[in-house]
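The chains referred to below are lettered A, B, ... by the order of the sequence lines, with proteins before strands, and numbering in each begins at 1.
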2 protein chains.
Amino acid sequence: MTKPALPTKDRLIQSAAHLFRTRGYHGVGLADLLTDAKAPKGSLYHHFPNGKSDLAIAAATWASDGMLRVIAASFDGADTFEDGATTLCYKLAKLFDLSGWDTCPIASTLFEGPDNTRFRDHAKHIYDGWIAEVQVHAARLGLSEEEAQRKSERVFVLIQGGWTLARARHSSEILRDLRHML
Amino acid sequence: MTKPALPTKDRLIQSAAHLFRTRGYHGVGLADLLTDAKAPKGSLYHHFPNGKSDLAIAAATWASDGMLRVIAASFDGADTFEDGATTLCYKLAKLFDLSGWDTCPIASTLFEGPDNTRFRDHAKHIYDGWIAEVQVHAARLGLSEEEAQRKSERVFVLIQGGWTLARARHSSEILRDLRHML
DNA sequence: GGTCGGCTAGACCAATCGGTCTAGTGCAAA
DNA sequence: TTTGCACTAGACCGATTGGTCTAGCCGACC
């Protein structure tokens, strides 16, 4: 579960991303976190002066960067918007199976934090970033600006909802079926 | 926030549903719960021998029953499936605004509990119940069985994803826009 | 009137929570 | 070699956690 080659800060971020995703922000104690990351408490508060909440923000950002890469990879070789979106659904289905059927890493981390406005603002920022990324590809693939916006929001909504249902069912099938709802 | 007329058990369930929805299962302590419900600890463990986890299941069930009523009310007077689904979107948008922009009560309660299989199985059961309810109305309104299944799953996915985005944005607009994605 | 059981009431508990603080390590620049 | 700083290490803290347990209230039935 741990990667001894990585620097402490990165190990903390990745452990946090993983644990928050599976058990939620409040469901993870510092003890679990530090054990998983093989780091002492002092290191946590050195790298993240505000402790758990700072770490949660960093973990969500890190997870979001990964998602942005998946979106880019899905659309980069695509000929049409539908092709790209379909590839994205398949990639996420595979990711879902590999991850052990966890929740959306952003929602599980940022939707229940103590410092509500800061967490929620960050979630909004991250989600808007995903939609914007899809939108860029939509525009590049020939959609009008208005169409690009509408369709990228729809892709986000479908994926978010599909992921939730997939988690409840322990099956990635619905994620692949999303391609028929584009 | 509390309804002194209601019996203790119901007050506990409704307080739990409300608090779990806003802060998540682990984000709510028994102390908050009991204060909000104006009940002593003894009553909790009398009505729910397994404590917090039993209460969470009951609260999710109660919230789900409300959702089933909203679905039924939306489709009952509808002439077409699209009409019913559109009404549902509007009703949920209004509910979202009234609720103070909370999360889906099922996801926030059941997706991070300690006893993972029991909680997740219950979430699946509830979600499948919602989809089944929509499906019944779809069939009644003339859709073929296969179409009814596909469209009811789609409605669920859209609502679930839309709700998440609405929460991040603190705006119910996207929920109303879902009608264009049906 | 007595008693029995559903329910309330909250003191109490060990365990765990997030966070602070001091001491020490090890590398890099002077 | 010495100094300084980024970082590690974990003991320690008060507060809070979920849960147990005993005592007693109070209305219903005998």
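For A/A123, the side chain to side chain contact (heavy atoms under 4.5 Å, CB included) test picks out A/I106, A/L110, A/F111, with sequence neighbours left out.
Side-chain contact of A/S172 with A/D97: a donor-acceptor pair under 3.5 Å is present, judged by distance alone. Side-chain contact, B/R179 with B/Y90: a donor N or O sits under 3.5 Å from an acceptor N or O. Between the side chains of B/R120 and A/H170, a donor-acceptor pair is found at a separation under 3.5 Å.
Where A/D32 and A/P49 meet DNA chain C, the nucleotide closest to each residue was compared, and A/D32 sits on the side nearer the 5' end.
Taking atom CG of residue A/L30 and atom P of nucleotide D/dT16, one finds them 16 Å apart after rounding to whole Å. Summarising the geometry, the separation between CD on A/E112 and C1' on C/dG18 is reported as 15 Å, rounded to the nearest angstrom. Note: NZ (B/K52) to P (D/dT16) measures 15 Å, nearest angstrom. Rounded to a whole Å, the CZ atom of B/F48 is 16 Å from the P atom of D/dG18. The nearest whole Å value for the distance from the OH atom in B/Y45 to the P atom in D/dT22 is 16 Å. Look at CG on B/L12: it is 14 Å from P on D/dG19, rounded to the nearest Å. Between the CG atom of A/L33 and the P atom of C/dT16 there is a distance of 16 Å, given to the nearest Å.
Note: A/Y25 and A/F119 have perpendicular aromatic rings, judged against thresholds of 30 and 60 degrees for the angle between ring planes.
One finds the CZ atom of A/F20 at 13.5 Å from the CG atom of A/D102 (value rounded to the nearest 0.5 Å).
In this structure, A/K91 forms no cation-pi arrangement with A/F96, as its terminal cationic atom is not both closer than 6.0 Å to the ring centre and no more than 45° off the ring axis.
Between its opening and closing five pairs, the helix from C/dG1-D/dC30 to C/dA30-D/dT1 changes axis direction by 0°, a value rounded to 10 degrees.
At a threshold of 4.5 Å between non-hydrogen side-chain atoms, the residues A/K52 and A/L30 count as touching.
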Exercise. Nucleotide by nucleotide, 5' to 3', does protein get under 4.0 Å of the base (B), only the sugar-phosphate (S), or neither (-) in nucleotides 3-15 of chain C, counting heavy atoms?
Worked result: ---SSBBBB----

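Heavy-atom contacts from other residues, nucleotides or ligands closer than 6.0 Å to CD of B/E82 number more than 12.
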